Amino acid sequence: MPEREISCIVTEPRPVVRKFLARPQHEGVGAIVRRSIGRFELKYFDPFLVLDEFSVTAPAGFPDHPHRGFETVTYMLQGAVTHEDFEGHKGTIGAGDLQWMTAGRGIVHSEMPAAQGTQKGLQLWINLSSKHKMIEPRYQEMLSKDIKEAAKDGIKVRVIAGEALGTKSPIYTRTPTMYLDFTLKPGAHLQQPIPKSWNSFVYVLEGEGMFGSLKSSPVTGHHLLLLGSGDGLEAWNKSSKPLRFVLIGGEPLGEPLVQFGPFVMNTQEEIDQTIDDFENYINGFEKARHWRSEAALSLDF
């Protein structure tokens, strides 16, 4: 994404304009997700298609399934998942690790628990512009130890994408995106710039915080906060325990959207073509004809 000059001072704090509690629902095979974007009340927040806080315990998981037209960002909070795709790419995403997958013209993959106990993480779907929807798939992966971190005045941030506290992530975002994992100690006050034209939101993971204004009500875990217009986020931890949340923002695409499950295109004709491609193993899905993941074979999905 192009470089942008970002001031370190927030002069127009973004207000919280909508708030949702992400309630548990079933997804995949036996998995539990708390979906905050991509649900009935909020089907799309340009360019973001889905945000899930997932929880899986073997044998539950997300067996073989396709994608086209967007990116998936998997950020593990606890435990680990094993990823495999029909191109032969495989690996384990452990606690604190990141996988930024550009599905592009087509991927079929599986995501299954790789450890005992409960595996937890966040998965974000980011839409791609029409000019990028049919590009070749690619991955950007980072181990937890390689994710850039910074700390100042009781604030710690892990910079998944974008920039915070003078620290930049090396992740390339085709749809310009920021993804920041903040932890605020009790008494800490954050000011984080956000490009004015971008859409942005907060998802609270742990603790209790105040966002946008000191007059706002404290917000607790599993809440999504949509932010209004302004040049940045202000947040306060007035509680006695640490506050952890992710701040995510992106440049809106402003394009038509037609979604059919794991396929996201611009027109119904493109969706129809995608379904035809997938069912006939063509135009990017050729290797799906004879492929099944090791996890699917072992569990006989």
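These figures come from a predicted structure and were not determined experimentally.
- Applying the salt bridge (Lys or Arg N to Asp or Glu O under 4.0 Å) test to pairs two or more places apart or on separate chains, those with a residue in residues 19-44 are Glu27-Arg35, Arg35-Asp52, Arg39-Glu41.
- Taking the ring pair (Phe, Tyr, Trp, His ring centres under 6.0 Å) definition, one finds that Trp125 meets it with His67, Phe70, sequence neighbours left out.
- Side-chain contact check for Leu122 versus Leu205: some heavy-atom pair is nearer than 4.5 Å.
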Would Leu233 and Arg14 satisfy side-chain contact (heavy atoms from CB on, under 4.5 Å), going step by step from the backbone distance to the final call? CA-CA 6 Å; Leu233 171 70; Arg14 291 184 176 226; 5.8 Å; no

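- Residue pairs satisfying the ring-ring contact (aromatic ring centres under 6.0 Å, His included) criterion with at least one member in residues 28-50, sequence neighbours excluded, are listed as follows: Phe48-Phe201.
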Could you list the donor-acceptor pairs under 3.5 angstrom formed by side chains in residues 258-266, with sequence neighbours left out?
residue	atom	partner	partner atom	Å
Gln259	NE2	Gly261	O	3.0
Asn266	ND2	Glu255	OE1	3.2
Asn266	ND2	Pro256	O	2.9

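- In this structure, Phe62 is not a member of the same hydrophobic cluster as Met101, with clusters built from ILVMFWY side-chain heavy atoms closer than 4.5 Å.
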side-chain contact (heavy atoms from CB on, under 4.5 Å) between Glu111 and Phe54: does it pass, once the steps are laid out? CA-CA 12 Å; Glu111 300 152 295; Phe54 63 84; over 6 Å; no

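- Apart from Ile282 itself, the hydrophobic cluster it occupies contains nothing, where clustering links Ile, Leu, Val, Met, Phe, Trp and Tyr at side-chain heavy-atom distances under 4.5 Å.
- Using a 4.5 Å heavy-atom cutoff, the side chains of Val73 and Thr177 are not in contact.
- In plain terms, the two heavy atoms of Gly61 and Val56 that are nearest each other are CA-CG1, 4.3 Å.
- Residues Val159 and Ile93 fall into different hydrophobic clusters, defined by Ile, Leu, Val, Met, Phe, Trp and Tyr side chains chained together at heavy-atom separations under 4.5 Å.
- A side-chain N or O of Glu141 and one of His89 form a donor-acceptor pair less than 3.5 Å apart.
- Going from atom CD of Glu71 over to atom OG1 of Thr175 covers 6.0 Å, rounded to the nearest 0.5 Å.
- Using modelled atom types, one finds no donor on one side chain facing an acceptor on the other under 3.5 Å when comparing Arg174 with Thr102.
- Contacts of Thr82 classified as side chain to side chain donor-acceptor pair (under 3.5 Å), with partners at least two apart in sequence or in another chain: none.
- Atom CD1 of Ile107 sits about 4.5 Å away from atom CG of Asp85, to the nearest 0.5 Å.
- Val16 and Leu180 fall within a single hydrophobic cluster, where Ile, Leu, Val, Met, Phe, Trp and Tyr are joined by side-chain heavy atoms under 4.5 Å apart, directly or via other members.
- With contacts defined as side-chain heavy-atom distances shorter than 4.5 Å, the pair Leu224/Leu51 qualifies.
- For the side-chain contact (heavy atoms from CB on, under 4.5 Å) with Trp291, the qualifying choice from Glu87, Glu286, Glu84 is Glu84, the only one to do so.
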Does Gln25 form a side-chain contact (heavy atoms from CB on, under 4.5 Å) with Ile32? I'd like the steps, not just the answer. CA-CA 6 Å; Gln25 65 184 61; Ile32 302 294; over 6 Å; no

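- A search for ring pair (Phe, Tyr, Trp, His ring centres under 6.0 Å) contacts involving Phe245 returns Phe182, Phe211, not counting sequence neighbours.
- Not counting sequence neighbours, the partners of Glu234 by the side chain to side chain donor-acceptor pair (under 3.5 Å) test are His189, Gln191.
- Atom CG of Leu253 sits about 5.0 Å away from atom CG of Asp46, to the nearest 0.5 Å.
- Tracing side-chain contacts under 4.5 Å through hydrophobic residues (I, L, V, M, F, W, Y), one never reaches Met210 starting from Val202; they form parts of separate clusters.
- Linking Ile, Leu, Val, Met, Phe, Trp and Tyr residues whenever their side-chain heavy atoms come within less than 4.5 Å places Leu184 and Leu225 in a single cluster.
- In this structure the side chain of Asp276 never reaches within 4.5 angstrom of the side chain of Asn283, judged on heavy atoms.
- Scanning all heavy atoms of the two residues, the minimum distance from Ser36 to Ala22 falls at CB-CB, 4.1 Å.
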Given side-chain contact (heavy atoms from CB on, under 4.5 Å), test Leu42 with Leu226 step by step and report yes or no. CA-CA 10 Å; Leu42 185 63; Leu226 297 188; 3.9 Å; yes

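- In this structure a side-chain-to-backbone donor-acceptor pair under 3.5 Å is present from Gln119 to Gly117.
- Here Ser129 pairs with His132 under the side chain to side chain donor-acceptor pair (under 3.5 Å) rule; sequence neighbours left out.
- For the atom pair NZ of Lys90 and NE2 of His109, the computed distance is 15.0 Å after rounding to the nearest 0.5 Å.
- Using a 4.5 Å heavy-atom threshold, the side chains of Ile126 and Tyr179 count as separate.
- Nearest heavy-atom pair across Ser239 and Pro186 is O-CB, 3.2 Å.
- Between the Asp231 side chain and the Thr11 main chain, a donor and an acceptor come within less than 3.5 Å of each other.
- One finds the CZ atom of Arg68 at 10.5 Å from the NZ atom of Lys133 (value rounded to the nearest 0.5 Å).
- Between the CZ atom of Arg244 and the CG atom of Asn237 there is a distance of 14.0 Å, given to the nearest 0.5 Å.
- With contacts defined as side-chain heavy-atom distances shorter than 4.5 Å, the pair Leu227/Leu247 qualifies.
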Which pairs would a plain distance check flag for residues 144-153, meaning a side-chain donor or acceptor within less than 3.5 Å of a matching protein atom at least two apart in sequence or in another chain?
residue	atom	partner	partner atom	Å
Ser144	OG	Arg158	NH2	2.8
Glu149	OE2	Arg158	NE	2.8

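- Met112 has its side chain within reach of Pro63: a pair of non-hydrogen atoms, C-beta onward, lies under 4.5 Å apart.
- Residue pairs meeting the side-chain hydrogen bond (donor to acceptor under 3.5 Å, both in side chains) criterion with at least one partner in residues 203-221, sequence neighbours excluded, are Glu53-Tyr203.
- Put simply, the side chain of Trp100 reaches to within 4.5 Å of the side chain of Thr173, judged on heavy atoms.
- In this view, Gln140 satisfies the side chain to side chain donor-acceptor pair (under 3.5 Å) rule with no residue, not counting sequence neighbours.
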